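Report on the following structure.
As the structure is a computational prediction, the values presented were derived from the model and not from experiment.
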Amino acid sequence: MSHHMNSSTLPTSHPPEHHHPSTTASGHGHDMMMMAMTFHFSCKNVPLLFSGLTINSPGEMAGAFVAVFFLAMFYEGLKIARECLLRKSQVSIRYNSMPVPGPNGTILMETHKTQMLSLPHLLQTVLHIIQVVVSYFLMLIFMTYNGYLCIAVAAGAGTGYFFFSWKKAVVVDITEHCH
């Protein structure tokens, strides 16, 4: 990979001759770890989410593959579990509805809705936070561009959808493709 840059892409205060790829934005020199920006199937020096978690052998890659596969399955199960909990709370809202007289002799349904500090809403909030964190973990894992880990994310998500979504009312959002 070439380190030559067009001078129009650099800030005017740093001419091309002062550009050092190993220097951080703060100006302190550090060894930068360059990640591959193309898909690869390596089992050596593959970072996995945290600086101390690096895959260095085929056995470690196999373990990481299984863990990532189940994490992606968990993500799909969590999405369906949240939908089921929401449907259950909506059903209980319907049972808590009662007719009340409206204007011009009409009948309205008064519904006792979930309050912001209710247990169902707090549970949905906690589960949403977990879902967001897991989705970003899966995105970062995929962004390692390691073929094995990318396959684990895709296969785990597909398997999770297969097992958890079979009873779901089918509403397909063709635009949803990013976790």
- Which is it for Y75 and V153 under the side chain to side chain contact (heavy atoms under 4.5 Å, CB included) test, yes or no, and what are the steps along the way? CA-CA 10 Å; Y75 174 77; V153 169; over 6 Å; no

Report task. List the steps, then state whether side chain to side chain contact (heavy atoms under 4.5 Å, CB included) holds for M61 with N146. Result -> CA-CA 10 Å; M61 181 58 76; N146 183 282; 3.5 Å; yes

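Scanning all heavy atoms of the two residues, the minimum distance from E76 to F164 falls at C-CD1, 4.2 Å. In terms of heavy atoms, T159 sits closest to F69 at OG1-CZ, 3.4 Å. Closest approach of I55 and A64 over heavy atoms only: CD1-CB, 3.5 Å. Minimum interatomic distance between V132 and S135 (heavy atoms only, all atoms of both residues): O-OG, 2.7 Å. Nearest heavy-atom pair, A152 versus A72, reported as atom, atom and distance to 0.1 Å: O-CB, 4.3 Å. For the residue pair L86 and Q124, the shortest heavy atom distance occurs at N-NE2, 3.4 Å.
Here NZ of K79 is found 14.5 Å from CG of L127. Values are rounded to the nearest 0.5 Å. Rounded to the nearest 0.5 Å, atoms CE (M37) and OH (Y145) are 4.0 Å apart. L78 contributes atom CG, which lies 10.5 Å from atom CD of E83 (distance to the nearest 0.5 angstrom). Between atom SG of residue C150 and atom CE of residue M143 there is a gap of 10.5 Å, rounded to the nearest 0.5 Å. We find the CZ-OG1 distance between F39 and T144 to be 9.0 Å, quoted to the nearest 0.5 Å.
With contacts defined as side-chain heavy-atom distances shorter than 4.5 Å, the pair I80/F163 does not qualify. Residues N56 and N45 form a side-chain contact, since some pair of their non-hydrogen atoms from C-beta on lies under 4.5 Å apart. In this structure, the side chains of V126 and L122 stay at 4.5 Å or more apart for every pair of heavy atoms. In this structure, the side chains of L138 and F74 stay at 4.5 Å or more apart for every pair of heavy atoms. Within the 4.5 Å cutoff, no side-chain heavy atoms of Y148 are placed close to those of V68.
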